[in-house]
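Okay, so here's the structure we're looking at.
Computed from a predicted structure; not experimentally measured. Numbered from 1 within each chain, the chains take letters A, B, ... in sequence-line order.
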Number of protein chains: 2
Amino acid sequence: MDKQLATTLFESLASGIRLDIFRLLVKHAPTGLVAGEISTALALPATNVSFHLRAMTYSGLINVTQEGRYQRYRANLTVMQSLIDYMTSECCTGRPEHCFDTEIAAVCCDDNKFLSSDLEA
Amino acid sequence: MDKQLATTLFESLASGIRLDIFRLLVKHAPTGLVAGEISTALALPATNVSFHLRAMTYSGLINVTQEGRYQRYRANLTVMQSLIDYMTSECCTGRPEHCFDTEIAAVCCDDNKFLSSDLEA
DNA sequence: TGAACTATACAACAATTATTGAAATATAAA
DNA sequence: TTTATATTTCAATAATTGTTGTATAGTTCA
């Protein structure tokens, strides 16, 4: 998980509509839903939902497979888990005891200096 | 953690600059950094950093305290942990076995139906 | 008090993202 | 093959977000 992917995924979760779509797909995992079902469930125009589905698919947060004339969308729970792992490691960097049980988080890191590597991507 | 707060926090993490700021503050927890140190570290104009710090402070992702003529910013690791918890519960809803060890996640939920509550905020 | 310093507010503008209806593409079914 | 269905693409526009320089407000210290 690099910074670029992380920001793209956060962007995918940073709108009420996209978060609704994702939660809906999680609830319907692993079957997923086709585009029209999502539009209907959220009472939104198909074009608008399609716009958001495209962004979420591009980021990898959801997957799509063609099923005849339908497009079936599924939550990518593996990517979500990777993002949670990324956030956890970012959160614990520096002072793990502020986030978690110390013995669990202690593996993360131990320095708190101001490094030029602060600036890396 | 409600949906509105979650989307605001994701928005706070959904830019490279804001993610840099957050990671920098996490690395310097619990001391934090003053605004000028952040601008210098990231080589960005003070006004631009101030713009992003304001958004992050508003969402609660970071905290600010006045220190003489300085404004000291700190990562709010408690909020970050709450967001991770929210993501974890959203991710596991439906089919916990897809995210985690089943025995850990099994508490989350057990239905996979299409409910009108899908539409709630 | 007055000069230097820190940071934000403001204003102007650039760039990106969101929304909608109409048209196009592709599949399925009659 | 014609018609209906599902979804996306496109174009137009609206709305929001991001960036920068300048001005302002507040703090420190001589």
Rounded to the Å, how far apart are [X] [atom1] and [N] [atom2]?
X: Gln71(A); N: dT5(D); atom1: CD; atom2: P; answer: 19 Å
X: Asp20(A); N: dA18(C); atom1: CG; atom2: P; answer: 14 Å
X: Ile21(A); N: dA18(C); atom1: CD1; atom2: P; answer: 11 Å
X: Ile62(A); N: dT7(D); atom1: CD1; atom2: C1'; answer: 14 Å
X: Leu13(A); N: dT17(C); atom1: CG; atom2: C1'; answer: 16 Å
X: Leu53(B); N: dT6(C); atom1: CG; atom2: C1'; answer: 13 Å
X: Leu19(A); N: dA18(C); atom1: CG; atom2: P; answer: 13 Å

Check against side-chain contact (heavy atoms from CB on, under 4.5 Å), Tyr73(A) and Thr65(A): CA-CA 7 Å; Tyr73(A) 289 92; Thr65(A) 55; over 6 Å; no
field: Step-by-step side-chain contact (heavy atoms from CB on, under 4.5 Å) determination, Met87(A) to Phe10(A)
entry: CA-CA 11 Å; Met87(A) 291 170 76; Phe10(A) 286 132; 3.6 Å; yes
field: Out of dG18(D), dA9(C), dT9(D), whichever nucleotide has its closest atom nearest the side chain of Arg54(B)
entry: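 Minimum distance to the Arg54(B) side chain belongs to dA9(C).
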[Y] and [X], any side-chain heavy atoms less than 4.5 Å apart:
X: Lys3(A); Y: Asp20(B); value: yes
X: Thr57(B); Y: Val64(B); value: yes
X: Ile38(B); Y: Leu25(B); value: yes

message: Walk along nucleotides 19-30 of chain D from 5' to 3' and tag each nucleotide B, S or - by protein heavy-atom contact under 4.0 Å, base first, then sugar-phosphate.
response: BBBB----BS--
- request: Mind listing the closest non-hydrogen atom pair of Leu83(A) and Met1(A) along with its distance?
  value: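 Looking at all heavy atoms of both residues, the shortest contact is N-CE, 3.6 Å.
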message: side-chain hydrogen bond (donor to acceptor under 3.5 Å, both in side chains) for Ser12(B) and Ser59(B)? Distances and angles first, verdict last.
response: CA-CA 7 Å; Ser12(B) 277; Ser59(B) 75; 2.8 Å; yes
message: What's Arg72(B) touching, base or sugar-phosphate or nothing? Going by heavy atoms closer than 4.0 Å.
response: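 The residue Arg72(B) makes no contact with any strand.
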message: Between Tyr73(A) and dT8(D), is there a contact of a side-chain N or O with OP1 or OP2 at under 4.0 Å?
response: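 Affirmative; the distance criterion is met.
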message: With nearest nucleotide decided by heavy atoms, which residue, Ala35(A) or Arg18(B), maps closer to the 5′ end of DNA chain D?
response: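 First, find each residue's nearest nucleotide; the 5'-ward one identifies Ala35(A).
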field: Position toward the 5' end of DNA chain C (nearest nucleotide), Val34(B) or Ala14(A)
entry: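 Between the two, 5'-proximity favours Val34(B).
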